[in-house]
Structures are given as structure tokens and as C-alpha cells.
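Atom set for the values below is all heavy atoms of this structure, side chains included, hydrogens, waters and symmetry mates excluded.
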Amino acid sequence: MEFSGKTVMITGAAGNLGVALSKAFAGLGANVVPVDLPTNLLDQAQVDAAVKKALQQFKRIDALCNIAGGFRMGAPVHETSDKDWNFLFDLNARTVLHTARAVVPHMIAAGGGKIINVGAYAAQKGAAQMGAYIASKSAVIRLTETMAAELREKNINVNCVLPTIIDTPQNRADMPKADPKRWVAPQDLAKVILFLASDDARAVHGVALAVTGLS
């Protein structure tokens, strides 16, 4: 895969997956535009400003990787507060909406692009105490499919990955008795995203690709 001269915007770039993905793209020659704090992805104006700055520097955005997101166990659905519900929908789904608003018009004008979102393997079915998380990540899958249907004729590929547990220091600390070798290494997930962002995936539209490791 070759990304020389291409520009890739990555949200959540300071996280474990974001760092691995940024290094992977840079290693293949891409211009990497990392978006993380202090940019607030819940503020459309700040997202628009980040995109404008990237376009001023690199003229176009060839790939958008929506890595920003988060996980939180919670109460049963009937005890879930608006605050917790909104937190996860904002973090996992609204961020995708805001970046799409800012980036897609420029991709259309430029003649194409790639968008990769991060869903979750768990979002394929319900599970106790995970209602808000699963619902928010399910929304990411449906948004991905919808955007793919809307944009495929514009030469824009929209797909998402569905990882299980990612091997991060935080997860190792939270689950000390688990075997992290069975989890998904950030570098391995990054390689899957690289493929979806490459010209090799030009025939792939609206896919929710499970990335499970051995878990």
C-alpha cells in the first residue's frame, strides 16, 4: 500500500489506536493530520476549523479515520440517565456526524476519498449493562452503511471496523487476569484500517468488518 502525497485526518489521534495508526500512515508516506485535544469534536465550529487548517496546508483530505470514541459500562437500560446516554452518543456517534459535515463536501469536490469509522464487535447484539454503549456503536454501523449508500457514486468509500478488546495499557490494568495476547493489538487494527483507506479497497462499500484477534 502506498500513501505518498495523500493526506489522512485521524480523530482521537492521541489514543493508543490513534498513535499506532498515525505511525503506520506516516511510515507509508502519508501527510497525517492528527485531531485530538484541544479540538472539541462536539463543537462543529472547531471541527470545521481543523479541517480548514488541513486544507490550507495540504489542499485536500484523502482519508478520514474516525478513531475518537469510548467505552463505558453502565446501569440497566431502565436506570440509564440522560447524562450517560448523551455522553456515549456524543463520543461515539455525534463525532462521526460532525467530521462528516466538515470533510465530505471537500471529498466530493476533490473527486473522492475514504472514510473509516470505528464501531465495536459488541454492537452487533445487546448485552446487560451495556445499553448506551451498544446503542451508540450500533449507530456508528448504521451511519457507515447509510453514508456508503449516499456517497459510493461520488467515489467515496465509507466502511467501519468492529474490534473486540484492544490491547491497551488501560485494558490491561482493568482486566489483570485476562490474556492480552488474545486481544487485538493496535498495530494489527491499524493495518486493517490502512487497507480500507487504500486504493486496494476501492470496491468495498458499507462494510462493518469484525476484527477479533482470538477473543
Engineer: Is the closest side-chain heavy-atom distance between V211 and L162 below 4.5 Å?
Structural biologist: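 Not in contact.
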Engineer: So, does N16 use its side chain to make a donor-acceptor pair with the main chain of T168 at under 3.5 Å?
Structural biologist: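 No, N16 side chain to T168 backbone: no donor-acceptor pair under 3.5 Å.
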Engineer: For the pair R172 and D174, find out whether any cationic side-chain nitrogen is under 4.0 Å from an anionic carboxylate oxygen.
Structural biologist: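 The answer is no: the pair does not qualify as a salt bridge.
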Engineer: Kindly indicate, with the supporting measurements, whether the criterion side chain to side chain contact (heavy atoms under 4.5 Å, CB included) is fulfilled by R101 and Q44.
Structural biologist: CA-CA 8 Å; R101 285 175 179 163; Q44 187 70 61; 3.1 Å; yes
Engineer: Would R72 pass as a cation-pi partner of F87, given that its NZ or CZ must be under 6.0 Å from the six-membered ring centre and within 45 degrees of the axis?
Structural biologist: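 Cation-pi check for R72 and F87: passes.
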Engineer: What I'd like to find out is whether the side chain of Q56 reaches to under 4.5 Å of the side chain of F58, using heavy atoms alone.
Structural biologist: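 Counting from C-beta outward, Q56 and F58 never come under 4.5 Å.
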Engineer: Between the side chains of N31 and Q57, is a donor N or O closer than 3.5 angstrom to an acceptor N or O?
Structural biologist: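 Side-chain D/A pair, N31 to Q57: absent.
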Engineer: Indicate the atoms forming the closest heavy-atom contact of I141 with A123, along with that distance.
Structural biologist: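 Distance-wise, the nearest heavy atoms are CD1-CB, 4.1 Å.
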Engineer: Would you confirm whether T7, through its side chain, and I61, through its main-chain N or O, come within 3.5 Å as a donor-acceptor pair?
Structural biologist: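 A pair under 3.5 Å: no.
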Engineer: Between G12 and A68, which heavy-atom pair has the shortest distance, and what is it?
Structural biologist: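 Nearest pair, atom of G12 first, then A68: N-CB, 3.8 Å.
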Engineer: For W85 versus A135, what's the shortest heavy-atom pair and its separation?
Structural biologist: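 So the minimum-distance heavy-atom pair works out to CH2-CB, 3.8 Å.
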Engineer: Could you tell me if the side chain of T212 sits less than 4.5 Å from the side chain of V184, heavy atoms only?
Structural biologist: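 When only atoms from C-beta onward are counted, T212 and V184 do not touch, as no gap falls below 4.5 Å.
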Engineer: To the closest 0.5 Å, what do you measure between CE (M130) and CG (L88)?
Structural biologist: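 It comes to 10.0 Å.
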Engineer: Can you name the one residue among I156, T99, N157 that meets side chain to side chain contact (heavy atoms under 4.5 Å, CB included) with I115?
Structural biologist: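 That would be I156.
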Engineer: Please evaluate residues L194 and F3 with respect to the criterion side chain to side chain contact (heavy atoms under 4.5 Å, CB included), reporting the C-alpha separation (whole Å), side-chain torsions for both, the decisive distance (0.1 Å), and the verdict.
Structural biologist: CA-CA 9 Å; L194 283 174; F3 291 93; 4.0 Å; yes
Engineer: Looking only at atom types and distance, does a side-chain atom of T146 sit under 3.5 Å from a main-chain N or O of L143, one as donor and one as acceptor?
Structural biologist: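 Not at all, since once roles are kept as given, no pair shorter than 3.5 Å links the two residues.
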Engineer: So that I can tick it off, tell me whether D199 and K6 are bridged by a salt bridge, with the cut-off set at under 4.0 angstrom between side-chain N and carboxylate O.
Structural biologist: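 The answer is yes: the pair qualifies as a salt bridge.
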Engineer: Any side-chain heavy atom of I108 sitting closer than 4.5 Å to one from L151?
Structural biologist: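 Yes; the side chains approach each other to less than 4.5 Å.
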Engineer: Can you name the nearest heavy-atom pair linking A13 to D36, along with the distance?
Structural biologist: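 Looking at all heavy atoms of both residues, the shortest contact is N-OD2, 3.1 Å.
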Engineer: Within the 4.5 Å heavy-atom criterion, are F25 and C65 side-chain neighbours or not?
Structural biologist: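 Yes, side chains in contact.
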Engineer: Using side chain to side chain contact (heavy atoms under 4.5 Å, CB included), reason through V35 and M9 one step at a time and then give a plain yes or no.
Structural biologist: CA-CA 7 Å; V35 180; M9 174 171 279; 3.7 Å; yes
Engineer: Do V32 and I193 sit in the same hydrophobic cluster, where Ile, Leu, Val, Met, Phe, Trp and Tyr count as joined when their side-chain heavy atoms come under 4.5 Å apart?
Structural biologist: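 As far as the 4.5 Å side-chain criterion goes, I193 and V32 are connected within one cluster.
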Engineer: CD of E79: more than 12 outside heavy atoms within 6.0 angstrom?
Structural biologist: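 Enclosed: over 12 neighbouring heavy atoms sit under 6.0 Å from CD of E79.
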